[in-house]
Amino acid sequence: MGISVDGFARLGTHLVAPIAWMLLAPIAIVVGDGQGLVWPSLLALLGSALVTLAVGWSIKRASGFGISPYTSPESAAVTVLVFTFGPVMLLGGLLVAWLGWARVKLGEDTFAEAAAGILLGILAGGLGWIGLIVFLFS
């Protein structure tokens, strides 16, 4: 008995992504940080997630276009992890790709909404982390 395509999509969107975002990213930062950037990284992680959700909500209210509230914080988390640990964390992009595919496959987001969420997350994660580091070390 195998898992169906819809079952695989549901697994990504309803189980794996929330666990990775809420548990694994903060644990990775705390356990793996050797550069003394634990608190800035955690603040960047939280701040970028909140920014993606707030911007996405604002755009939906203003234009009716719904940026995915799933892909945006996930891609922000991957971006923060890449800045904290380096390019090896780009493998987390596979989780974001799975999540985006799953949201579209299940009809919960359009391709444009999932892609916009990914782009917003990358932007918020990168700018948030850089801004926080500049602020803390200036």
Side-chain angles (χ1 to χ4, degrees):
M1 185 183 294
I3 188 167
S4 69
V5 173
D6 282 350
F8 186 68
R10 286 193 200 318
L11 179 67
T13 194
H14 297 296
L15 180 64
V16 175
I19 288 172
W21 162 240
M22 294 170 41
L23 297 176
L24 298 182
I27 288 170
I29 288 172
V30 171
V31 171
D33 179 49
Q35 303 168 359
L37 299 174
V38 170
W39 288 110
S41 297
L42 288 175
L43 288 173
L45 193 65
L46 176 62
S48 63
L50 293 175
V51 165
T52 63
L53 295 173
V55 169
W57 178 82
S58 298
I59 290 172
K60 176 133 179 137
R61 291 265 309 174
S63 70
F65 178 74
I67 292 176
S68 176
Y70 283 77
T71 60
S72 58
E74 289 290 341
S75 61
V78 169
T79 303
V80 169
L81 290 171
V82 167
F83 276 114
T84 303
F85 299 117
V88 72
M89 287 293 142
L90 286 171
L91 292 173
L94 296 174
L95 176 65
V96 175
W98 179 14
L99 179 60
W101 168 81
R103 299 286 298 168
V104 172
K105 172 69 178 148
L106 295 172
E108 295 171 352
D109 288 329
T110 65
F111 177 79
E113 291 168 339
I118 291 169
L119 293 175
L120 175 60
I122 291 168
L123 180 65
L127 291 177
W129 197 89
I130 291 169
L132 188 58
I133 296 304
V134 168
F135 175 75
L136 288 174
F137 295 106
S138 295

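Every heavy atom of this structure was used, including side-chain atoms; hydrogens, water molecules and symmetry mates were not.
The two atoms that bring Met89 and Leu81 nearest to each other are CG-O, 3.5 Å, heavy atoms only. The minimum heavy-atom distance between Glu108 and Glu113, with the atom names listed, is O-OE1, 4.5 Å. Contact between Gly66 and Lys60 at its shortest, heavy atoms only, is CA-CD, 3.7 Å. Shown here for Gly125 and Val80, the closest heavy-atom pair between the two residues is O-CG2, 4.0 Å. Residues Thr52 and Pro73 come closest through the heavy atom pair OG1-N, 3.7 Å. Between Gly117 and Ser75 the shortest heavy-atom distance is O-OG, 3.5 Å.
No continuous path of ILVMFWY side-chain contacts below 4.5 Å connects Trp57 to Leu120, so the two sit in separate hydrophobic clusters. Residue Ile122 is grouped with residue Val88 when hydrophobic side chains (ILVMFWY) are merged at heavy-atom distances under 4.5 angstrom, including chains of intermediate members. Residues Val134 and Val51 fall into different hydrophobic clusters, defined by Ile, Leu, Val, Met, Phe, Trp and Tyr side chains chained together at heavy-atom separations under 4.5 Å.
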Test log, rule side chain to side chain contact (heavy atoms under 4.5 Å, CB included), inputs Ile118 and Val96: CA-CA 8 Å; Ile118 291 169; Val96 175; 3.6 Å; yes
Evaluate the side chain to side chain contact (heavy atoms under 4.5 Å, CB included) criterion for residues Thr79 and Ser48: first the C-alpha distance (whole Å), next the side-chain angles of each, then the deciding distance (0.1 Å), finally the verdict. CA-CA 10 Å; Thr79 303; Ser48 63; over 6 Å; no
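In terms of modelled atom types and a separation under 3.5 Å, the side chain of Thr71 and the main chain of Gly100 share no donor-acceptor contact.
When hydrophobic residues (I, L, V, M, F, W, Y) are linked wherever their side-chain heavy atoms come within less than 4.5 Å, the members clustered with Leu123 are Leu127. Apart from Leu119 itself, the hydrophobic cluster it occupies contains nothing, where clustering links Ile, Leu, Val, Met, Phe, Trp and Tyr at side-chain heavy-atom distances under 4.5 Å.
Here ring-ring contact (aromatic ring centres under 6.0 Å, His included) pairs that include residues 94-121, with residues two or more places apart or in two chains, are Phe8-Trp98, Phe8-Trp101.
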